[in-house]
Protein chains: 2
Amino acid sequence: MTDTARGTSRRYGSRPTMKDVAARAGVGLKTVSRVVNGEPGVTPETERRVQDAITALGFRRNDSARILRKGRTASIGLVLEDLADPFYGPLSRAVEEVARDHGALLINGSSAEDPAREQELVLALCARRVDGLVIIPAADDHRYLEPEIAAGVATVFVDRPAGRIEADTVLSDSFGGARAAVAHLIAHGHRRIGFIGDQPRIHTAGERLRGYRTAMAEAGLAVDESWVSLGSTAPDRVRFAATAMLDGPRPVTALFAGNNRVTVTAVRVLAERPRPVALVGFDDFELADLVSPAITVVAQDAARLGRTAATMLFRRLDGAGIPPQREEIPTRLVPRGSGELPPPADG
Amino acid sequence: MTDTARGTSRRYGSRPTMKDVAARAGVGLKTVSRVVNGEPGVTPETERRVQDAITALGFRRNDSARILRKGRTASIGLVLEDLADPFYGPLSRAVEEVARDHGALLINGSSAEDPAREQELVLALCARRVDGLVIIPAADDHRYLEPEIAAGVATVFVDRPAGRIEADTVLSDSFGGARAAVAHLIAHGHRRIGFIGDQPRIHTAGERLRGYRTAMAEAGLAVDESWVSLGSTAPDRVRFAATAMLDGPRPVTALFAGNNRVTVTAVRVLAERPRPVALVGFDDFELADLVSPAITVVAQDAARLGRTAATMLFRRLDGAGIPPQREEIPTRLVPRGSGELPPPADG
DNA sequence: GTGCTGATTGACAACGTTGTCCAGAGGTTA
DNA sequence: TAACCTCTGGACAACGTTGTCAATCAGCAC
């Protein structure tokens, strides 16, 4: 007997199988399977022998084979824009927790806001036969998913709707949040308000712009097109856009920032300027209350978005063929100071 | 012919296989495999027929079966403390990027700083036969991994060393960073400096404490034990600890915060107090420069930690049996204001 | 025509697990 | 004693893919 606890009698890189365990315990293959899976119908004595063999060989069930046999992988895929974005941390974590409650693992990937990369990633996950997908879409056409959904991959879109297919969706109330934010600025006396948002092809960016326009229209204010800037959220572009609005022919007295990355850059730009400019940002962020003035934001509940999406996903996995659901998570205006600054006396 | 583009002739939840494709294209199973994998030796005409059948049936290769056959899963596991912690976002993303460059997917899990949960997660990943593991350990005994590593699972520990086994490790220079931070405070005239850190069983917490003590000792300053508090980073506890140090019999004039969560709470506590207290935090965070005063920090390069770890992992996967490596990533003191505040005149 | 070469193709086993089904042991009852 | 259960355990096929190997065929030199 040369086997050790590490199973070193087998060549490096290969692992003991149930067959090896069975041979060592002197039982049949299926009996090992029964013990490993806690199935009934094994005498305590036999079970002990099998357990000893498992420990001695360092056996670990090969889930690839199990998955192949059973069809379910007990894993779900999460495709988002950028794992490093603080908005997605709590969301991922919430999805993970729900997955864990259902005994599933989470496979994670960033699309980097690139439709091609999203599709590549999603299809790779489908090839792995994940049971379900949570997608924060970068693409605007998801027909490539039709065969997958038809084959039973539960799919939930989060934060932005699916493109050109019907599917479960969980959204934040971007429109309402943006409208409330801009109305808030208007209530504090502002008439010339700028909006800096994300790329227009991103759904939330469009919704927030719509909220902005609606609030302005509701107050009877005309929007000067030089007050609106959509595009990359790279600091340079945002800085340029903000500066242009603040120093333009009809300078804005307040800014509405379309997401957390924009807000952060806006805060930096405004900090450099002599006179205070009102600011409301979409998305809350850590320490928003400690900057001076504290930043008024429209807070989204990222964790709730993730939790809702994952719950919906598992409901669909368990259950029957209910038609696609759409759920909306409310947003909440959090006044902290920056949004309550009045316009300058001469503005 | 009742098959449609969705393969609806098959029952819901089941998917076409290579066998189905082969039958439809009128070729052998292996020929389909060759086409799917881009292997040579297939005439253009045959390839076209196979491709047509693939499209018509909505075939997608089942990677579970492929993995079972090939032995490599092209996936790596990442176990960290909390996906929602902003420190781990960039780290995860960096690991993901490297994995992507190597054609691997990332399976992600949070240990919630619970050793049992770490082990459960790691073993689940091993059962999936991930090719490698990147672990930010919560446990302090990793002997349970020995059979896995012996079986060829490339394993790299990040941010904290492995417990009771030899393994590849990538660490930040916690000791050096902490020492530099405290020396910085001392250079600005502080003599009574408090340290609030994470739970003492966490390696980095211990290293940072050691850095603190070393810097104090090097300056010939005795440490009053009421100035040191290790424990949970929950806001309540940190708040309590900070308040006790600031209002104690020998009140501190400066604080050194052991990680980003502590720093954030410390900033809040100090903001409520009438007179300024110097503060240096371990870990950088967004907007640290915009709080007033801006927060001096010891910055760690989380992305570089992740990148280095993942690179090391794939080097080991490709390569031979080099002995375990240990790499240290430097930290960097970023003075921004809060660390340069002098002690009060009467302090 | 024969034999050889190289290209194309397919039959078959194997990967490690689980579900189905059957065999044998041992006990109970008529 | 025979018939009939119950309980335990094992043989075998199947999951969908890939590696091995052999068969077929066209083209070509002799």
Side-chain angles (χ1 to χ4, degrees), chain A residues 7 10-11 13-51 53-54 57-74 124 126-131 151-152, chain B residues 7 10-11 13-50 53-54 57-74 124 126-129 131 151-152:
Chain A
R10 303 182 58 82
R11 80 166 196 288
S14 93
R15 311 203 47 154
T17 72
M18 285 193 179
K19 207 166 144 190
D20 301 322
V21 175
R24 175 158 184 144
V27 301
L29 184 53
K30 182 64 216 222
T31 301
V32 177
S33 172
R34 273 191 270 262
V35 171
V36 169
N37 294 296
E39 290 169 23
V42 181
T43 48
E45 157 61 13
T46 308
E47 170 160 2
R48 196 190 50 71
R49 283 223 312 284
V50 172
Q51 285 294 6
I54 287 176
L57 295 175
F59 168 80
R60 190 97 55 212
R61 181 178 64 199
N62 183 333
D63 274 355
S64 293
R66 173 170 225 253
I67 285 165
L68 175 60
R69 186 61 232 253
K70 302 203 78 146
R72 279 270 165 116
T73 58
C126 289
R128 296 292 171 109
R129 295 293 187 270
V130 291
D131 297 333
Chain B
R10 303 181 58 81
R11 81 168 196 288
S14 93
R15 311 203 45 154
T17 71
M18 285 192 178
K19 207 166 144 190
D20 301 321
V21 174
R24 175 160 183 141
V27 302
L29 183 55
K30 182 65 217 219
T31 300
V32 176
S33 170
R34 272 191 272 261
V35 171
V36 169
N37 295 295
E39 290 170 23
V42 180
T43 45
E45 157 60 14
T46 309
E47 171 160 4
R48 196 189 49 72
R49 283 221 315 284
V50 172
I54 287 176
L57 296 175
F59 168 79
R60 191 96 57 212
R61 181 177 65 199
N62 183 331
D63 275 355
S64 293
R66 174 171 225 251
I67 285 165
L68 175 60
R69 187 60 232 253
K70 303 202 76 146
R72 278 271 164 116
T73 58
C126 289
R128 296 293 172 107
R129 296 292 189 269
D131 297 333

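Just so it is clear, the values below take in all heavy atoms, side chains as well, and ignore hydrogens, waters and symmetry mates.
With hydrogens and angles ignored, no donor-acceptor pair closer than 3.5 Å exists between the side chain of Lys19(B) and the base of dG16(D). The base of dG10(C) is paired with the side chain of Arg34(B) by a donor and an acceptor separated by under 3.5 Å.
A sub-4.0 Å separation between OP1 or OP2 of dG16(D) and a side-chain N or O of Arg69(A) is absent. Contact between the side-chain N/O atoms of Lys30(A) and the OP1/OP2 oxygens of dC21(C) is not found at any separation under 4.0 Å. Between Ser33(B) and dT17(D), a side-chain N or O to OP1/OP2 separation shorter than 4.0 Å is absent. OP1 or OP2 of dT9(C) sits under 4.0 Å from a side-chain N or O of Thr46(B). Between Thr43(B) and dT9(C) there is a side-chain N or O to OP1 or OP2 distance below 4.0 Å. At dT18(C), one or more side-chain N or O atoms of Arg66(A) fall inside 4.0 Å of OP1 or OP2 (strictly under the cut-off). Not one side-chain nitrogen or oxygen of Thr31(B) sits closer than 4.0 Å to the OP1 or OP2 atom of dT9(C). At the phosphate of dT18(D), OP1 or OP2 sits under 4.0 Å from a side-chain N or O atom of Asn37(B).
If you take CD of Glu45(B) and C1' of dA7(C), they are 16 Å apart, rounded to a whole angstrom. Nucleotide dT8(C) holds its P atom 20 Å from the CG atom of Leu29(B), rounded to whole Å. Following rounding to the nearest Å, Arg128(A) (CZ) and dT17(D) (C1') show an atom-to-atom distance of 14 Å. Between Arg129(B) atom CZ and dT17(D) atom P the separation is 21 Å, expressed in whole Å.
Of all heavy-atom pairs spanning Phe59(A) and Thr17(A), the tightest one is CE1-C, 3.6 Å. What you find for Asp131(A) and Arg72(A) is that their closest heavy atoms are OD1-CD, 3.5 Å.
The 5' end of DNA chain C is approached more closely, in terms of each residue's nearest nucleotide, by Lys70(B) than by the other of Lys70(B) and Arg61(A).
Within the nucleic acid shown, Val36(A) has no heavy atom closer than 4.0 Å to any nucleic acid atom. In this structure, Ile67(A) reaches neither bases nor backbone, as no heavy-atom distance under 4.0 Å exists between it and the strands shown. Among the heavy atoms of the strands lying under 4.0 Å from Val27(B) are primed sugar atoms or P, OP1, OP2 only; no base atom is included.
Panel note: side chain Arg60(A), backbone Ala127(B); no donor-acceptor pair is recorded below 3.5 Å. Remark: the backbone N or O of Glu39(B) is not paired with any side-chain donor or acceptor of Asn37(B) at under 3.5 angstrom. Listed for the Arg128(B) side chain is no donor-acceptor partner under 3.5 Å among the backbone atoms of Asp63(A).
Of the candidates dC15(D), dT17(C), dT17(D), dC15(D) carries the atom nearest the Leu68(A) side chain, counting heavy atoms from C-beta on. Distance from the side chain of Met18(A) is smallest for dT18(C) among the nucleotides dG9(D), dT18(C), dT17(D). When each of dG19(C), dT17(C), dT17(D) is scored by its nearest atom to the side-chain atoms of Glu39(A), the top-ranked nucleotide is dG19(C).
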